[in-house]
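Read through the structure below, which is laid out as structure tokens, and then see the notes.
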Amino acid sequence: MNLLNGLNEPQLAAVTLPPQHALILAGAGSGKTRVLTTRIAWLISTSQARPPTVLAVTFTNTAAKEMLARLSAMLPINVKGMWIGTFHGLCNRMLRAHYRDAGLPQLFQILDSADQLAAVKRLLKSLNVDDEKYPPRELCWFINAQKEAGLRSAAVEAWDDWTKKRVELYAAYEAQCQKEGVVDFAELLLRCYELLERNEPLRRHYQERFKLILVDEFQDTNKLQYRWLKLLAGEGAALFCVGDDDQSIYAFRGADVGNMRDFEREFKVQNLIRLEQNYRSHGNILDAANAIIENNPSRLGKNLWTEAGAGEPIRVHESYSDGDEARFIVEEVKALARDGHARKEIALLYRSNAQSRALEHALFNAGLPYRVYGGLRFFERAEIKHALAYLRLIANENDDTAFARVVNFPARGIGARSIEQLADAAKTQGSSLHGAIPYVTGAGGAKLATFAALIVKLREAAHLPLPELVEHVLDLSGLREHYRNEKEGQERLANLDELVNAAAGFVAEDGVVGEEGELSLDLASFLAHASLEAGEHQAGEGDDALQLMTVHSAKGLEFNIVFICGLEEGLFPHENSLNENKGLEEERRLMYVAVTRARQRLYLCHAQTRMLHGQMRYNLPSRFIEEIPAGLLKFLTARANKSGYAVPTYANEAPVFDSAPRPQKSGGLRIGQNVMHAKFGLGVIVNAEGGGNDARVQINFGNAGMKWLALSVAKLEPV
DNA sequence: ATAGACATTCTTTTT
DNA sequence: GAATGTCTAT
């Protein structure tokens, strides 16, 4: 059978397993997605499974789409009957189908993390809670963590007064969401889990339907997701989980690698298959990745190998500043392009989104086309969120988050005082903000009534086809008008037009079809789509553009050439992670993911200085570079230049000291200078004060931390 | 009530 | 250096 052509032995074994529970430990680049999709295709084409019995779940929309695309290329029959999507997407689908049983309004809305934060802030304000003591961000994090552990507020055990209060606020937040008919991301999962748990007939129904359950990136599942899978997998179902413990990089949001062990034990998994042959990277790259990850204790154990040759050495480049780093990359990319490398096969990876700015700046100036993934996404832009808020009010006028967002945008004279009155009225009436409008008197009340009339008017258009409805909303709400008058509004107007296009191009998932005469269900599913899929597709998708993204969003992707930028202590590994439990190990796995994205060539870049929070930071090279055997590396710049500074590489570069803070003399040492200390090792001078016998310098010793040392006492060797 | 100036905080990663 | 929050002059 040609489906199976070209599979190696373990891959073949995994694909053709009979429908039983199986755990596949799939190393980076070992053909994981191929195994997953080929297995579905094989079981269907050999009549061991029918499409409607298949449920495949991934973490990202990109991965889901990829799987769907590959499947429809492999299978002549349609793939419509299968449920393929993200955890959140599938839960949303189930909740829409059984909204009554789930205790939700038919057109319930989804809060993305920004909406959730806004909702929490609103809650704290209405309860007069001190947001110094209960920071909204922290509270969101707390609530989500509880939900991800499967705990409702009533089930949380408070271990101190502070937490006791946080649990109370969690309860109030639950009530607020329920009243408004909205759910946040974690709620989608928890609500769906509870639905299946409590409703036996429904659970039976799905258990009898889904016989083949496949999970991608299993190492990234959290406790709740695992329990959800357990509920769904009934008698006779086969759970096929693919994962790699070395690529677990989402522990910070509740992912639990322990699920792999638990799955093996609880399902008595007989089929454990390791995919260790790597088809992606050249030997040197793989050796480096293996060397790095070996520093992590407590791995399930796995070593990648390849038949490909060693390939090129890994290039290490040190620059003086982040700007220099960006310019180096630009020059290098230009040279690569001249040699015939496609730009879209070159990726620039970084630890945090903020780093993209310097890179984008240099790329833009050089006229190199590039595409940034993540960052500000389409559906997260302010003007789009405003437009969506109006649409949400059409679907559900009790959506207070949406209401608060646009009640006075564009400005219609409803200020803080009116809103305050309205919130009070809502509280005494036990109603939503919208429901409280009749209870506000005076001038503010009149203006609010006008706004209510606007919503009624918009709602009258709800039967229109989606794109026309969006058009209607943009005009009637005054959003178009507002941005037309704003001087920087051109781009925003264009985005609003793009929203109309998105609505026109939107095809509702099957199973969620609008019915005649009913408040448009298309609208509800379009809004869900906007929340769940924040608009990954940007303009210029097909272009030959450089690919910029965080290491997190690069997981699952591969490129011929990869630059890992900002490989510095404090940045990668990130300083915040060092205080966290197992934080460094997660950072190291992140580095492992980054390195294994590259097929042919890998650059590791670091800079001595970098702007952060608007001030200069001096960083040591990342320990991860040192964890790679020196034999695999090729240093493009002299290491730890004796002068303490790398020589600026480019002619048009302004003299180093003009842009940098003037190096301060203190005992012959300067800021930015590398020094060696007998006890603390290598460090960088980051600050100095005093003079003469009093002179003290602050030194970043990386591992050993930041120290103030008196020059008269400390023995420092300039390096 | 609003716009604009000013100050403060933040950034790790995402569905 | 942005994005939010607070204050001040209209």
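The figures here come from the full heavy-atom set of this structure, side chains too, leaving out hydrogens, waters and symmetry mates. Only a predicted model underlies this, so the values are computations on that prediction, with no experimental measurement involved.
For the pair A:R597 and A:F559, the cation does not sit on the ring face, since its NZ or CZ is not both under 6.0 Å from the ring centre and inside 45° of the axis. At least one test fails for A:R191 against the ring of A:Y193: distance under 6.0 Å to the centre or angle within 45° of the axis.
More than 12 heavy atoms of other shown residues, nucleotides or ligands fall within 6.0 angstrom of atom NE2 in A:H98.
Between A:T550 and B:dT14, a side-chain N or O to OP1/OP2 separation shorter than 4.0 Å is present. At least one side-chain nitrogen or oxygen of A:R137 sits closer than 4.0 Å to the OP1 or OP2 atom of B:dT11. Proximity of A:N61 to the phosphate of B:dT15: no side-chain N or O atom is located under 4.0 Å from OP1 or OP2. Not one side-chain nitrogen or oxygen of A:N353 sits closer than 4.0 Å to the OP1 or OP2 atom of B:dT11. The phosphate of B:dT14 has neither OP1 nor OP2 within less than 4.0 Å of any side-chain N or O from A:N144. When the side-chain nitrogen and oxygen atoms of A:K121 are compared with OP1 and OP2 of C:dT4, none of them lie within a distance under 4.0 Å.
Looking at heavy-atom distances under 4.0 Å, A:N408 makes contact with sugar-phosphate atoms alone, never a base. Using a 4.0 Å heavy-atom criterion, one finds that A:F185 contacts the bases of the nucleic acid, with or without backbone contacts as well.
With B:dT11, B:dT14, B:dT15 as the choices, the nucleotide that has an atom nearest any side-chain atom of A:T86 turns out to be B:dT15. Here the nucleotide nearest the side chain of A:R253, chosen from B:dT15, C:dG1, B:dA1, is B:dT15. The side chain of A:S352 has B:dT13 as its nearest neighbour among B:dT13, B:dT15, B:dT11. The side chain of A:S418 approaches B:dA1 more closely than any other nucleotide in the set B:dT15, B:dA1, B:dT13. Between B:dT15, B:dT14, B:dT11, one nucleotide has an atom nearer to the side chain of A:N576 than all others, and that is B:dT11.
The residue from A:R589, A:R588, A:K582 that alone fulfils the salt bridge (charged side-chain N to carboxylate O under 4.0 Å, His left out) condition with A:E586 is A:R589.
Counting atom types as modelled, A:H574 pairs no side-chain N or O with a base atom of B:dT12 as donor and acceptor under 3.5 Å.
Separating the C1' atom of C:dT6 from that of B:dT11 is a span of 22 Å, rounded to the nearest Å.
In this entry the distance linking CD of A:E575 with P of B:dT13 reads 13 Å, nearest Å. The interatomic distance linking A:F87 (CZ) with B:dT14 (P) rounds to 19 Å, in whole Å. Between the P atom of B:dT15 and the OH atom of A:Y193 lies a distance of 25 Å, rounded to the nearest Å. Rounded to an integer number of Å, the gap from A:L571 CG to B:dT12 C1' is 9 Å. In this entry the distance linking CD of A:E585 with C1' of B:dT13 reads 17 Å, nearest Å. Remark: C1' of B:dT11 and CD of A:E568 are 16 Å apart, rounded to the nearest angstrom.
Stacking between A:Y250 and the base of B:dT13 is absent under the criterion of ring centres within 5.5 Å and planes under 30 degrees.
Using a 4.5 Å heavy-atom cutoff, the side chains of A:C605 and A:I329 are in contact. The closest side-chain heavy-atom distance from A:Y226 to A:D256 is not below 4.5 Å.
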